[in-house]
Amino acid sequence: MSPSAYVVLAAILFTLGSVGVLVRRNAIVMFMSVEMMLNACNLAFVAFARMNGNLDGQVVAFFVMVVAAAEVVVGLAIIVTIFRTRRSASVDEPNLLKY
Amino acid sequence: MEGSEVVVFWVCGTLAVIGAIGLIISRKAVHSALWVALTMINLAVLYIANSAPFLGMVQIIVYTGAVMMLFLFVLMVVGVDSSDSLVETLKGQRWAAIVLAFGFGILLVSGVANGLVEANSIGLDAANEADGGNVQGIARLLFTDYLLAFEATSALLITAALGAMVLAHRERWKRAATQRELSEARTRTGAGVVPLPNPGVYARHNAVDTPALLPDGSPTLLSVPEPVRGRGDARPMDHSGLAEVDDLFSGAPALPPTGRSLADDPRAES
């Protein structure tokens, strides 16, 4: 087995995360699925860093983590605000922009 | 990958995939969050196996420690009724999504496996040893080649913190009502002048999910705390419970409830 098995695992996790985004209607669960996709990319970055023998991939994964943390904070604040006005965390509810 | 790492890969990789599947199929959002935490811990182990100990620790501290707990915290704020509805807004969207994702996954995995099956791995031992360790190596890269990106990160973090404060802040337009005003308003409307009944009073159990019984024996859901009621977890009470209460207090077997004869009461024999 070569380290490319990690990349295959990352591809599987990315696919499962995308299924979560497409199938679930709860905004928080969709958000967690996005986190899952980001983590899968991180795993691929780490595996590529090892295969190429330099640490740049790990630094990129580190930056992805920082951006993901910032994104989670803002996204959850938006979800809390929407919940406060619409009393629901379902993504089908905020349809006011349609009209 | 050698012997022990293969074992780590299969165990942690399988657990990570199980966590991802659990994220998708759990009805309750809290369960989804716990499944994601499982996946992230296993990914941390895989990072460490990939000679990235720093990222493994950051993964545990930042993701499972901070991000997932933030998710759980928001789930508590958003409330207990945050389970998904099974109503499809777009007809057939769920099956189409699953089929498309399956095809996407096959394409991705086969493409990756095709391109990488011959790839030989250099390994990070030399790169880690060059600066005296993994952490030192990442630090050197962060503060030399990636210095600009690292500085931009600080602006990003400050913007995110400000954004969260602005979005989650609620301006108070009116003065908060004092306890006296609340009490006067309650008395004026006549609703809820006395405290709500405690759960379990006059009932068989002392638990919060047990509604109190009114003097006529009917349960009152007012006594069950609202989150428990909202989940539908209030324990159903009926008059058969009352017979056991009588039983306890009189010390003698109570008369069976009407509709059952004494002969088929199991306590009659004892």
Side-chain angles (χ1 to χ4, degrees), chain A residues 1-9 11-20 22-26 28-29 31-33 35-36 39 42-43 46-47 49-56 58-59 61-63 65-74 76-81 83-84 89-90 92, chain B residues 1 6 9 13 16-17 20-21 23-24 29 32-33 36 39-40 43 46-47 50-52 55 58 62 66-67 70-71 74-75 77-78 82 84-85 89 94 97-98 101 104-105 108-109 112-113 116-117 119 121-124 126-127 137-138 141-142 146 149 153 156-157 160 163-164 167-168:
Chain A
M1 266 177 99
S2 72
S4 58
Y6 287 105
V7 187
V8 173
L9 175 65
I12 293 172
L13 286 176
F14 188 91
T15 309
L16 287 171
S18 67
V19 171
L22 289 172
V23 166
R24 299 300 298 263
R25 295 264 73 85
N26 188 324
I28 299 177
V29 178
F31 211 176
M32 286 192 272
S33 304
E35 291 300 309
M36 181 74 74
N39 266 287
N42 272 352
L43 182 62
V46 171
R50 180 178 173 195
M51 289 158 83
N52 286 319
N54 60 36
L55 286 170
D56 294 76
Q58 293 192 13
V59 175
F62 175 75
F63 280 125
M65 281 185 188
V66 175
V67 172
E71 166 232 342
V72 161
V73 168
V74 176
L76 285 179
I78 291 174
I79 289 176
V80 167
T81 314
F83 179 79
R84 221 182 254 154
S90 170
D92 288 335
Chain B
M1 282 167 82
V6 173
F9 173 79
V17 171
I21 293 173
L23 157 75
I24 299 170
S32 292
V36 176
T39 299
M40 289 183 173
L43 282 181
L46 290 179
Y47 290 170
N50 260 319
S51 49
L55 279 183
V58 170
V62 171
V67 170
L70 195 62
F71 268 110
V74 168
L75 279 174
V77 171
V78 161
S82 52
D84 250 351
S85 73
T89 317
R94 192 161 292 163
I98 290 173
F104 172 72
L108 200 59
V109 169
V112 162
L116 292 179
V117 75
S121 166
I122 298 173
L124 275 176
I138 289 180
L141 278 177
L142 272 185
Y146 293 90
T153 302
L156 175 77
L157 285 176
L167 282 171

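Labels below follow one simple rule: chain letters A, B, ... track the order of the sequence lines, proteins then strands, and each chain is numbered from 1.
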> Quick one: ring pair (Phe, Tyr, Trp, His ring centres under 6.0 Å) partners of Phe14(A), sequence neighbours excluded?
Replying inline: none

>> Out of Ala66(B), Ala149(B), Gly163(B), return the one with the most heavy atom pairs under 4.5 angstrom to chain A.
In response: Ala149(B)

> Closest approach of Ala97(B) and Leu22(A), non-hydrogen atoms and distance?
Replying inline: CB-CB, 3.6 Å

>> Counting only non-hydrogen atoms closer than 4.5 Å, does Thr39(B) touch chain A with its backbone (N, CA, C, O), its side chain (CB onward), both, or neither?
In response: side chain

> What distance separates Met32(A) CE from Ile24(B) CD1, expressed to the nearest 0.5 Å?
Replying inline: 12.0 Å

> Under a 4.5 Å heavy-atom cut-off, does chain B meet the side chain of Val59(A), its backbone, both or neither?
Replying inline: side chain

> Between Leu141(B) and Phe62(A), is any pair of side-chain heavy atoms under 4.5 Å apart?
Replying inline: no

> Nearest heavy-atom pair of Leu157(B) and Ala70(A): which atoms, and what distance?
Replying inline: CD2-CB, 4.4 Å

> Between Gln58(A) and Ser51(B), is there a donor-acceptor pair closer than 3.5 Å when you use the side chain of the first and the backbone of the second?
Replying inline: yes

> Roughly how far apart are Leu167(B) CG and Ile79(A) CD1, rounded to 0.5 Å?
Replying inline: 11.5 Å

>> The criterion is ring pair (Phe, Tyr, Trp, His ring centres under 6.0 Å); which residues satisfy it with Tyr47(B), sequence neighbours excluded?
In response: none

>> Using a 4.5 angstrom heavy-atom cutoff, name the option from Leu43(A), Val72(A), Val66(A), Ile78(A) with the most pairs to chain B.
In response: Leu43(A)

>> Side chains of Ser4(A) and Val112(B), heavy atoms from C-beta outward: is any pair under 4.5 Å?
In response: no

>> Whether the side chain of Arg24(A) engages the backbone of Leu23(B) through a donor-acceptor N/O pair (distance < 3.5 Å, no angle test) should be reported.
In response: yes

> Given a strict heavy-atom distance threshold of 4.5 Å, which part of Ala33(B) is in contact with chain A: side chain, backbone, both, or neither?
Replying inline: both

> How many angstroms lie between atom CG of Asn26(A) and atom OG of Ser32(B), to the nearest 0.5 angstrom?
Replying inline: 8.0 Å

>> Let's test your reading of the structure: which of Ala49(A), Ala69(A), Ala68(A), Gly17(A) forms the most heavy-atom pairs below 4.5 Å with chain B?
In response: Ala49(A)

>> Let's test your reading of the structure: which of Leu13(A), Asn54(A), Asn39(A), Asn42(A) forms the most heavy-atom pairs below 4.5 Å with chain B?
In response: Asn39(A)

>> Test side-chain contact (heavy atoms from CB on, under 4.5 Å) on Leu46(B) and Leu9(A); report intermediate values, then the result.
In response: CA-CA 11 Å; Leu46(B) 290 179; Leu9(A) 175 65; 3.4 Å; yes

> If we only count heavy atoms from C-beta on, is the Met36(A) to Met40(B) side-chain gap below 4.5 Å?
Replying inline: no

> Does any non-hydrogen side-chain atom of Leu108(B) lie less than 4.5 Å from one of Ile12(A)?
Replying inline: no

>> Taking the side chain as everything from C-beta on, heavy atoms only, tell me whether Thr153(B) gets closer than 4.5 Å to Val67(A).
In response: no

> Where is the tightest heavy-atom contact between Ala101(B) and Thr15(A), given as atom of each residue plus distance?
Replying inline: O-CG2, 3.2 Å

>> To check you understand the geometry: which heavy-atom pair defines the closest contact between Ile138(B) and Leu55(A), and what is its length?
In response: N-CD1, 3.9 Å

> Do you know which of Val62(B), Val109(B), Leu55(B) has the most heavy-atom pairs with chain A at a distance under 4.5 angstrom?
Replying inline: Leu55(B)

> Which one of Ser18(A), Ala61(A), Ser33(A) has the most heavy-atom pairs closer than 4.5 Å to chain B?
Replying inline: Ser33(A)

> Between Ala160(B) and Val73(A), what is the shortest heavy-atom contact and its length?
Replying inline: O-CG1, 4.0 Å

> Which heavy-atom pair separates Ala5(A) from Phe9(B) by the least distance, and what is that distance?
Replying inline: O-CZ, 3.5 Å

> At what distance, to the nearest 0.5 angstrom, does CG of Leu76(A) lie from CZ of Phe71(B)?
Replying inline: 5.0 Å

> Using a cut-off of under 4.5 Å for heavy-atom pairs, which of Glu71(A), Arg84(A), Glu35(A) has the most such pairs with chain B?
Replying inline: Arg84(A)

>> Quick check on Val17(B) against chain A: is it the side chain, the backbone, both or neither that has a heavy atom closer than 4.5 Å?
In response: both

